[in-house]
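To keep things clear, I will list the structure first and then write my remarks on it.
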Amino acid sequence: MNRIYADFNATTPLSVVSRNSMARAFEIWGNPSSSHSHGRQANEIIEESRCFVARAAGVFPLEVVFTSGGSEANTLALMGSFFLKAPQMRLLTTTVEHSSVRDTAGLLQEQGVPVDYLQVKRSGLFDLEVFESQITEFRPTLVSVMAANNETGVLFPLKEIFQICQQRGIILHTDAVQAFGKVSPEEWNFCDLISITAHKIFGPKGAGALIVRRGTPLVATHYGGAQEIKRRGGTENVVGLLGFGGAASEISTPDQIEKVRILRDSFEKTLLETLPGVSLNGADVKRISNTSSIRFEGIASEVLLGALDLEGISVSAGSACSSGSISPSHVLLAMGLNKQEAKECLRFSWGKTTSREEVDTVLQAVIKHVTRIRDRKRKA
Ligand SMILES: Cc1ncc(COP(=O)(O)O)c(C=O)c1O
């Protein structure tokens with residue numbers, strides 16, 4: 001069976017360029033910190049990768065701090081700010097962040113750091129006036145707002161958010177893990193701290209970066225050496241970083257992004273026109289071009305997900321699955337869906353390798369199974 005993958009927000013397949021870059025790294029096994037030629041060679045290829053990543057993100061190579069991925073980059077941004085000015089730190093973030101930001105914020109709160117949350121509306125966004133008044137009242141030293149939400153694809157207005165923060169001397173961190181490769185970097189690369197990862201852009205898992213824009217203060221959270229200009233100690237994952245560089249060297253072009261948008265939009269339009277009781281989360285606001293979070297009224301997400309899986313189609317319930325039970329997504333609950341509604345949502349996310357035929361096959365399968373499951377429920 002030829003499986004169809006519609007879960008590119010979870011991870012992406014490894015590109016040939018990324019794989020070949022990693023194969024090259026297996027031959028260059030020196031320690032990048034050694035000053036002899038074996039070490040210098042390894043160091044050189046890491047720096048080459050850093051340039052590819054920096055170019056794809058539209059920043060300077062020296063601003064790229066390699067990490068083990070997006071979660072570590074998020075943790076470094078928040079904890080590194082805490083270590084820098086623990087007694088004065090005050091964090092403002094949103095209720096829809098990835099768990100790596102949410103859980104770190106929770107830990108900071110336990111350490112006595114005042115943390116406040118921006119509540120989103122049904123659209124998935126908050127009002128800028130509310131943001132401004134919350135900032136004035138709460139006086140954060142660090143604001144952390146993701147660029148694009150992983151479950152709904154909703155894009156936050158970072159330019160306006162940055163302007164408000166900059167006027168008040170507040171550092172802005174953004175988790176751009178889902179925006180990198182899906183939105184022009186000009187939409188997010190002005191932030192002070194930016195998290196990205198390789199495995200959402202057709203690179204390997206276990207490699208990522210925190211971009212620390214020039215002049216942004218930050219303290220390391222990993223120690224053990226002067227790597228990454230003392231901002232992240234530890235011998236580098238040379239193979240993973242080469243794979244990251246390879247993937248970044250062929251970051252999606254505007255044409256590729258647009259092609260995905262056309263497929264995604266036609267998928268949504270046909271579904272909404274064909275099936276009753278179907279709604280789109282984040283329908284009325286700007287979203288990344290590849291994501292649809294859809295509620296199928298009356299159908300538990302795991303039932304539809306299972307039926308599609310049996311047909312060879314991989315999608316996501318957009319919620320954490322633990323010990324067999326699917327818990328409702330905190331993102332959808334934060335947007336005002338109740339538990340029942342949140343448990344009726346599936347996330348479809350496409351990539352630059354997705355074909356029209358694949359999207360059409362998924363469409364037909366979704367229509368068939370939603371109709372069948374509802375008919376069966378009606379008769380029961
Ligand atoms: C928005 C967002 N932030 C952070 C991460 C974590 O990245 P990584 O898997 O590289 O740790 C993810 C991964 O799903 C994500 O979607």
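Computed from a predicted model, the values in this text were never measured in an experiment.
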Below 4.0 angstrom, N of the basic side chain to O of the carboxylate: do [X] and [Y] qualify?
X	Y	answer
Glu44	Arg40	no
Glu268	Arg287	yes
Arg347	Glu151	no
Asp375	Arg378	yes

Grab the two heavy atoms, one from [X] and one from [Y], that are nearest each other, plus how far apart they are.
X	Y	value
Ala220	Lys230	CB-O, 3.5 Å
Phe52	Ala248	O-CB, 3.7 Å
Arg214	Phe60	NH2-CE1, 3.3 Å
Ala209	Ala73	O-CB, 3.4 Å
Ile313	Ala365	CD1-CB, 3.6 Å
Phe267	Ile294	CE2-CD1, 4.0 Å

>> Quick check on the 6.0 Å ring-centre criterion: do Phe180 and Trp188 meet it?
In response: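 Yes: the rings meet the under 6.0 Å criterion.
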
> Between Phe126 and Phe156, does the ring centroid distance fall short of 6.0 Å?
Replying inline: yes

> Going by the salt bridge (Lys or Arg N to Asp or Glu O under 4.0 Å) test, which pairs reach into residues 168-187, not counting sequence neighbours?
Replying inline: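 For residues 168-187, and leaving out neighbouring residues, the salt bridge (Lys or Arg N to Asp or Glu O under 4.0 Å) pairs sorted by first residue read Glu132-Arg168, Lys159-Glu187.
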
Does a side-chain heavy-atom distance below 4.5 Å link [X] with [Y]?
X	Y	value
Arg374	Lys377	no
Ser144	Leu91	yes
Leu271	Ile367	yes
Leu346	Leu308	yes

Answer with yes or no whether the side chains of [Y] and [X] bring together a donor and an acceptor at under 3.5 Å.
X	Y	answer
Glu344	Gln340	yes
Thr354	Arg264	no
Glu311	His369	yes

>> If hydrophobic clusters are built by linking Ile, Leu, Val, Met, Phe, Trp and Tyr wherever their side-chain heavy atoms come under 4.5 Å apart, do Leu210 and Val219 end up in the same one?
In response: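 Yes; Val219 is reachable from Leu210 via cluster members.
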
>> Check this for me: Lys286, atom NZ, are more than 12 non-hydrogen atoms of other residues, nucleotides or ligands nearer than 6.0 Å?
In response: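 Check fails, neighbour count at 12 or below.
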
> Given a cutoff of under 4.5 Å between side-chain heavy atoms of I, L, V, M, F, W and Y, with clusters grown through shared members, what are the other residues clustered with Trp29?
Replying inline: none

>> Using a 4.5 Å cut-off between side-chain heavy atoms of Ile, Leu, Val, Met, Phe, Trp and Tyr, which other residues end up in the same hydrophobic cluster as Tyr5?
In response: Phe8, Phe202

> Can you check side chain to side chain donor-acceptor pair (under 3.5 Å) on Glu97 and Thr94, steps first, answer last?
Replying inline: CA-CA 6 Å; Glu97 298 295 316; Thr94 81; 2.8 Å; yes

> Is a donor on one side and an acceptor on the other found under 3.5 Å between the side chain of Glu63 and the backbone of Arg213?
Replying inline: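 Pair absent, no side-chain N/O of Glu63 close to backbone of Arg213.
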
> Atom CG of Leu241 and atom CE of Met22: how far apart are they, to the nearest 0.5 Å?
Replying inline: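 CE of Met22 is found 11.0 Å from CG of Leu241.
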
> When the ring planes of Phe296 and Phe348 are compared, do they come out parallel, tilted or perpendicular, using 30° and 60° as the limits?
Replying inline: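 Ring orientation of Phe296 relative to Phe348: perpendicular.
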
> Could you walk me through whether Glu258 and Thr253 pass the side-chain contact (heavy atoms from CB on, under 4.5 Å) check?
Replying inline: CA-CA 9 Å; Glu258 197 45 34; Thr253 61; over 6 Å; no

